[in-house]
Protein chains: 2
Amino acid sequence: MGETVRWLTPEEQRAWRGFVRLHERLGGRLGRLLQSESRVSPADFAVLVHLTDTPQGRRRYQDLARALEWEKSRMSHHIARMAGRGLVVREECAEDARGAFVVITDAGRAAIEAAAPRHVQAVRDLFVDHVTPAELRVLAEVSERVLAKLDEDTV
Amino acid sequence: MGETVRWLTPEEQRAWRGFVRLHERLGGRLGRLLQSESRVSPADFAVLVHLTDTPQGRRRYQDLARALEWEKSRMSHHIARMAGRGLVVREECAEDARGAFVVITDAGRAAIEAAAPRHVQAVRDLFVDHVTPAELRVLAEVSERVLAKLDEDTV
DNA sequence: CGCTATTCGGTGACCTGTCAACTACGTCTA
DNA sequence: TAGACGTAGTTGACAGGTCACCGAATAGCG
């Protein structure tokens, strides 16, 4: 092997490192806000959002896992913890005896209804409102393109 | 309170969720690559990079922590683990008896020299090479602007 | 039908990161 | 120089995640 690596140019580095740091800091900040104001972690929040997307507030584990791009074991551990805190309950599945549903509880609904407005507001205040529409479009396009590439070459 | 939240518009959502997912997936992928090819985690890598930036290959804990934007306790735990694997050593500080240095070892240098080219190549293959220079510039600008805001209003 | 594949989810060991004290040292000031 | 306050790093308990593996149920094929 020729060991010929094209290192990143300064502009490339600037973009790459900016991107990474931005996500780390923003994620950390939003997570702490969510946690401290609503006793809900970002992961909990994501689960609850996906549950409230369905009329019954219930979804199969596997289905949720695919939607969130989580591993099934993570799903299992996390739902167990959330169930422990009363945000969701687990329910057996009649059609497929292997499977199970995750169902949101009233406490779960209350939690997300309390958390959502503040969270959205924070996303606005900390991010969206500092980015122009044109820039948002670029971000969206870049994300989609790169994500598509990622999907492609794992297979 | 009027409970008036401006929810995200579709374009805003698209950009925000794209951004979040992109980082998650890209981070996961790069991390696994690094780990599997070089036995070095992304966090290890970051530490080693910062150490090799100095001529002596040594830095104060606190200094490193600021550079990486890590909490001091994370620093402490992580360095302990890296020291356990022989990548760095801890060294007392003469001038300030409270403090200490983290010093890279030969094994640490070897590890990063093995890991860096592959890592950079992966960042290229999975990200940089799918983004135009203009888009990179937008990314960098947005990151810097938003990071600056974050710095501001924490204080 | 019977055997193998695969899928669904759970489990336990282990690694990382956070939070909240805590120790020990340094600095500033009355 | 004593006391208060700040700073450097550590520690332990805990939440979150990954990995490798397991057991049960189902699908699919000969």
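Convention: sequence-line order gives letters A, B, ...; per-chain numbering from 1.
- Look at CZ on A/Arg81: it is 13 Å from C1' on C/dT11, rounded to the nearest Å.
- For C/dG10, the OP1/OP2 oxygens have a side-chain nitrogen or oxygen of A/Arg90 closer than 4.0 Å.
- With hydrogens and angles disregarded, a donor-acceptor distance shorter than 3.5 Å links the side chain of A/Thr105 to the backbone of A/Leu87.
- DNA chain C lies under 4.0 Å from at least one heavy atom of each of the following residues of residues 51-69 of chain A: A/Arg60, A/Tyr61, A/Gln62.
- One can place CD of B/Glu95 at 12 Å from P of D/dG9, the figure rounded to the nearest angstrom.
- Pairing partner, D/dA20: C/dT11, with both Watson-Crick or wobble hydrogen-bond distances short of 3.5 Å.
- A/Glu92 has its CD atom 11 Å from the P atom of D/dA25, to the nearest Å.
- Side-chain proximity of B/Ala97 to the nucleotides C/dG26, D/dA24, D/dT10 is greatest for C/dG26.
- Remark: C/dC1 base-pairs with D/dG30. Criterion, Watson-Crick or G-U wobble with two distances under 3.5 Å.
- Going from atom NZ of B/Lys72 over to atom C1' of C/dT16 covers 19 Å, rounded to whole Å.
- Going from atom CD of B/Gln35 over to atom P of C/dC14 covers 17 Å, rounded to whole Å.
- Nearest nucleotide to the A/Ala100 side chain, out of D/dT7, C/dG9, D/dG17: C/dG9.
- No donor-acceptor pair closer than 3.5 Å links the side chain of A/Arg25 to the backbone N or O of B/Leu147.
- Whole-Å rounding puts the B/Arg39 CZ to D/dC19 C1' distance at 14 Å.
- Put simply, the side chain of A/Arg58 never gets that close to the backbone of A/Leu51: no donor and acceptor are under 3.5 Å apart.
- Ring geometry for B/Phe127 against A/Phe19 counts as parallel: the plane angle stays under 30°, on a 0 to 90° scale with 60° as the upper cut.
- Atom CZ in B/Arg85 sits roughly 6 Å away from atom P in C/dT16 (whole-Å rounding).
- Residue-level contact check: B/His77 touches the bases, meaning some heavy atom is under 4.0 Å from a base atom.
- Checking the phosphate oxygens (OP1, OP2) of D/dG6, no side-chain nitrogen or oxygen of B/Arg98 falls inside 4.0 Å.
- In this structure, A/Ala43 and A/Ala94 both approach DNA chain D, and ranking their closest nucleotides by distance from the 5' end singles out A/Ala43.
- At D/dG16, none of the side-chain N or O atoms of A/Arg74 fall inside 4.0 Å of OP1 or OP2 (strictly under the cut-off).
- Salt-bridge annotation for B/Lys149 and B/Glu152: present, with a side-chain N of the basic residue lying under 4.0 Å from a carboxylate O of the acidic one.
- Salt-bridge annotation for A/Arg137 and B/Glu11: absent, with no side-chain N of the basic residue lying under 4.0 Å from a carboxylate O of the acidic one.
- Its glycosidic angle being within 90° of 0, C/dA5 falls on the syn side.
- Side-chain atoms of B/Ser73 lie closest to D/dT11 of the nucleotides C/dT11, D/dG17, D/dT11.
- Atom CE in B/Met75 sits roughly 13 Å away from atom C1' in C/dG17 (whole-Å rounding).
- Ionic pairing of B/Glu135 and A/Arg145 is present here: one or more N-O contacts between side-chain nitrogen and carboxylate oxygen are shorter than 4.0 angstrom.
- Relative to the side chain of B/His78, the nucleotides C/dG17, D/dA15, C/dC19 differ in distance, and C/dG17 lies closest.
- For residues 73-111 of chain B, the pairs satisfying ring-ring contact (aromatic ring centres under 6.0 Å, His included) are B/Trp70-B/His78, with sequence neighbours left out.
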